[in-house]
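Report on the following structure.
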Amino acid sequence: FSRMNVGISVNSASLITTLAADVESWDDEDDWESEGLNKTDIIASLRSLPPQAHSDWTATKVSLSFPSLPKTADTQGDSIALSPGIGAVVCRDSTVLSLEFDLASPAACKRL
């Protein structure tokens with residue numbers, strides 16, 4: 001991901017696999033529940049993301065979206081934190097629509 005250009009397709013399979021495993025390993029279920037989120041469902045949604053992502057970036061963030069996801073009526077979601085500097089836009093049914101990496105976060109940049 002170090003040479004991303006705006007609007008290119010990237011293989012994000014390894015990044016997503018590692019991110020899902022890391023999120024799953026943290027003992028933070030109470031935090032998820034207090035936010036009204038189902039950690040297990042969101043991790044399953046992460047793992048089911050297609051390997052090809054569409055990448056865009058600004059000066060402050062990199063966004064990965066997944067155009068090949070099935071279109072649903074619920075195409076708007078809320079942003080949730082997955083790990084330091086990394087968020088996901090998630091629908092009410094726990095479907096992950098996109099991932100966002102804060103370029104001011106060393107932890108997020110390291111994953112890219």
Side-chain angles (χ1 to χ4, degrees):
F1 290 125
S2 60
R3 295 188 183 142
M4 271 194 221
N5 293 314
V6 173
I8 66 169
S9 180
V10 295
N11 186 324
S12 59
S14 177
L15 180 147
I16 292 168
T17 299
T18 302
L19 178 61
D22 289 350
V23 171
E24 184 175 46
S25 72
W26 296 322
D27 183 22
D28 60 354
E29 282 80 11
D30 292 342
D31 296 335
W32 287 74
E33 287 176 14
S34 71
E35 296 291 326
L37 301 169
N38 185 315
K39 181 178 178 178
T40 302
D41 288 349
I42 291 173
I43 291 169
S45 181
L46 271 174
R47 288 190 168 128
S48 71
L49 287 171
Q52 287 300 118
H54 177 83
S55 66
D56 286 302
W57 84 83
T58 67
T60 59
K61 76 177 180 179
V62 171
S63 297
L64 298 179
S65 59
F66 302 90
S68 65
L69 284 175
K71 301 298 180 216
T72 65
D74 187 8
T75 59
Q76 303 227 342
D78 294 316
S79 185
I80 65 165
L82 294 175
S83 71
I86 302 172
V89 176
V90 179
C91 294
R92 286 184 298 272
D93 68 357
S94 298
T95 300
V96 174
L97 298 175
S98 64
L99 299 173
E100 297 179 348
F101 297 80
D102 180 353
L103 296 178
S105 167
C109 290
K110 184 177 179 181
R111 289 200 187 260
L112 294 172

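- Across A53 and S12, no two heavy atoms sit closer than the pair CB-OG, 3.7 Å.
- Taken to the nearest 0.5 Å, the CD1 atom of I42 stands 10.5 Å off from the SG atom of C91.
- Here the CZ atom belonging to R111 is positioned 5.0 Å from the CG atom belonging to L19, to the nearest 0.5 angstrom.
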>> One pair to check against side-chain contact (heavy atoms from CB on, under 4.5 Å): K39 and V23. What are the steps and the verdict?
In response: CA-CA 9 Å; K39 181 178 178 178; V23 171; 4.2 Å; yes
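- Although no hydrogens or angles enter the test, the distance criterion places no donor-acceptor pair under 3.5 Å between the side chain of S55 and the main chain of L64.
- By the 4.5 Å heavy-atom criterion applied to side chains, T95 and F66 are not counted as neighbours.
- Within the 4.5 Å cutoff, the side chain of L15 has heavy atoms near those of the F101 side chain.
- N11 is listed as a side-chain neighbour of Q52, based on a closest heavy-atom distance under 4.5 Å.
- Atom CG of residue L112 and atom CH2 of residue W57 lie 11.5 Å apart, to the nearest 0.5 angstrom.
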Side-chain donor-acceptor contacts of residues 102-110 below 3.5 Å, not counting sequence neighbours, with atom names and distances?
unit_1: D102; atom_1: OD1; unit_2: A104; atom_2: N; d: 2.8
unit_1: S105; atom_1: OG; unit_2: A107; atom_2: N; d: 3.4
unit_1: S105; atom_1: OG; unit_2: A108; atom_2: N; d: 3.3

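- Using modelled atom types, no side-chain atom of D28 and backbone atom of D31 make a donor-acceptor pair closer than 3.5 Å.
- With contacts defined as side-chain heavy-atom distances shorter than 4.5 Å, the pair I80/E35 does not qualify.
- The number of heavy atoms from other shown groups lying within 6.0 Å of CG (D78) does not exceed 12.
- A distance of 11.5 Å separates CG in L46 from OG1 in T18, rounded to the nearest 0.5 Å.
- Rounded to the nearest 0.5 Å, atoms OG (S65) and CG (L49) are 10.5 Å apart.
- Atom CG of N38 is separated from atom CD of E29 by 10.0 Å, given to the nearest 0.5 angstrom.
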